[in-house]
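A short worksheet on the structure shown next.
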Amino acid sequence: MKHVRQTIEQHRAGQDVTLIAVTKSVGPDVATALYEEGVRHFGENRPEGLLAKAEVLPDDALIHFIGSLQTRKVRQIIDRVAAIHSLDRLSLAAEIDKRANRVIDCFVQVNVSGEASKHGIEKEEVHAFIENCKQYPHIRVIGLMTMAPLTEDESVLRDTFHQLRTLRDDVLAKGYAHAPCTELSMGMSNDYPIAVEEGASFVRIGTILVQ
Ligand SMILES: *Cc1c(COP(=O)(O)O)cnc(C)c1O
């Protein structure tokens with residue numbers, strides 16, 4: 001934990017960086033231990049996991065949903081989720097809008113690398129998608145999220161993060177009220193120092209924190 005925080009501090013370029021501890025592969029006991037070490041942001045990729053952690057963590061723990069979200073499961077998490085990082089289709093936006101009793105902070109997930117196996121909106125469609133989100137009053141697009149390809153090639157990782165940042169800057173410049181888009185959710189255990197250098201404001205870190 002200390003090492004991860006130090007690394008973030010060393011690599012950030014002045015921006016605030018929020019550490020999300022991804023607890024999807026561990027039980028509520030580990031999440032509680034992390035809370036006691038000062039972690040307040042948690043990441044889960046399944047509704048069951050999110051609810052299990054929500055049951056034990058104090059109310060000031062913010063639990064982010066980071067996995068692909070089935071439309072029919074929105075209802076289960078909507079009251080306890082701090083932000084949804086995987087908004088990738090309008091049908092999901094419509095369901096979130098329908099089930100929410102407050103404005104929900106969302107990240108639009110972008111498939112920057114274009115790999116067929118990856119979730120997320122194609123780069124070219126991001127602007128139109130975000131414009132379309134305006135029709136849903138309970139959706140606030142606070143940023144963009146991506147998962148980089150599984151590679152150790154630093155230039156590929158850097159290029160992926162840089163492209164997401166450029167896209168974010170373009171959306172930010174539009175000044176949409178429903179999509180302030182100030183944030184960048186990028187960086188995992190094996191690539192977060194590069195993501196932070198490229199402007200990440202949220203990193204989602206599991207493996208190196210919980211093992
Ligand atoms: C599991 C997961 C992470 C964390 O990955 P690690 O490599 O364990 O740090 C981050 N983001 C998403 C979307 C994930 O599913």
Side-chain angles (χ1 to χ4, degrees), residues 1-8 11-12 17-28 30-31 33-35 37 39-54 61-70 73-74 77 81-89 92 96 104-121 126 141-154 156-158 160-161 163-165 167-168 183-211:
M1 169 70 64
K2 200 168 154 223
H3 173 73
V4 172
R5 289 204 189 280
Q6 278 173 353
T7 304
I8 290 172
H11 289 262
R12 79 192 172 99
V17 182
T18 299
L19 169 63
I20 299 175
V22 176
T23 44
K24 66 188 183 193
S25 61
V26 293
V30 176
L34 288 166
Y35 181 92
E37 283 188 64
V39 173
R40 290 297 176 269
H41 293 262
F42 297 83
E44 288 287 333
N45 69 344
R46 297 180 44 156
E48 298 73 19
L50 183 141
L51 294 173
K53 307 314 191 292
L62 299 166
I63 313 181
H64 299 250
F65 195 85
I66 61 169
S68 73
L69 180 54
Q70 289 178 281
K73 298 211 165 164
V74 167
I77 63 159
V81 75
I84 294 172
H85 290 238
S86 46
L87 180 58
D88 61 357
R89 57 197 190 277
L92 179 59
I96 293 167
I104 305 292
D105 286 339
C106 297
F107 291 81
V108 169
Q109 183 169 352
V110 185
N111 184 357
V112 175
S113 58
E115 292 166 281
S117 60
K118 284 224 153 53
H119 288 275
I121 305 224
V126 167
V141 178
I142 62 166
L144 303 182
M145 176 276 217
T146 200
M147 289 176 79
L150 251 186
T151 174
E152 292 189 353
D153 185 336
E154 189 178 320
V156 171
L157 297 169
R158 195 174 290 285
T160 303
F161 297 138
Q163 286 192 54
L164 193 73
R165 184 197 179 126
L167 260 178
R168 189 279 312 265
E183 309 303 322
L184 279 173
S185 170
M186 56 191 199
M188 310 184 1
S189 289
N190 61 345
D191 56 22
Y192 75 98
I194 302 168
V196 168
E197 285 176 7
E198 295 300 327
S201 58
F202 288 84
V203 290
R204 311 175 309 268
I205 300 182
T207 312
I208 58 170
L209 273 188
V210 302
Q211 280 179 4

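Just so it is clear, the model here is predicted, and its values are computed rather than measured. We count ligands from 1, going down the list as the structure has it; atoms in each ligand are counted the same way.
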Item checked: Heavy atoms from other residues, nucleotides or ligands near CD of Glu152 exceed 12 (cutoff 6.0 Å) -> no
Notebook entry, point to check: Are Glu48 and Lys73 close enough for a salt bridge, meaning some N to O gap below 4.0 Å?
Noted result: yes
Next item on the list: Evaluate the side-chain proximity of Leu184 to Phe107: yes if any heavy-atom separation is below 4.5 Å, no if none is.
Entry: no
Checklist line | Heavy-atom nearest neighbour in the protein, as seen from atom 14 (C) of ligand 1, with distance rounded to 0.1 Å | finding: Lys24 NZ, 3.0 Å
Next item on the list: Could you find the nearest protein heavy atom to atom 12 (C) of ligand 1 and give me its residue, atom name and distance?
Entry: Ile66 CD1, 3.5 Å
Check: Looking only at protein heavy atoms, which one is nearest to atom 9 (O) of ligand 1, and how far off is it?
Finding: Ser189 OG, 2.5 Å
Checklist line | Per-atom contacts of ligand 1 with Gly206, taking only distances under 4.0 Å to non-hydrogen atoms | finding: 4 (C), 6 (P), 8 (O), 9 (O)
Next item on the list: Go through ligand 1 atom by atom and flag the ones less than 4.0 Å from a non-hydrogen atom of Thr207.
Entry: 6 (P), 7 (O), 8 (O), 9 (O)
Margin query: Could you tell me, atom by atom, which parts of ligand 1 come under 4.0 Å of a heavy atom of Arg204?
Written below: 4 (C), 9 (O), 10 (C), 11 (N), 12 (C), 13 (C)
Item checked: Element-labelled atoms of ligand 1 that are located less than 4.0 Å from some non-hydrogen atom of Ile205 -> 9 (O)
Next item on the list: Locate the shortest heavy-atom distance separating Asn111 from Lys118; write the atom from each residue and the value.
Entry: ND2-O, 3.3 Å
Check: Should we count CD1 of Ile208 as having more than 12 external heavy atoms under 6.0 Å?
Finding: yes
Notebook entry, point to check: Relative to ligand 1, is Met147 under 4.0 angstrom through side chain, backbone, both or neither, heavy atoms considered?
Noted result: side chain
Next item on the list: Please work out which of the three classes, parallel, tilted or perpendicular, describes the rings of Phe202 and His41, given edges at 30° and 60°.
Entry: perpendicular
Notebook entry, point to check: Is a salt bridge present between Glu197 and Arg158, judged by a nitrogen-to-oxygen distance below 4.0 Å?
Noted result: yes
Check: Tell me: protein heavy atom nearest atom 5 (O) of ligand 1, and distance?
Finding: Met188 CE, 3.6 Å
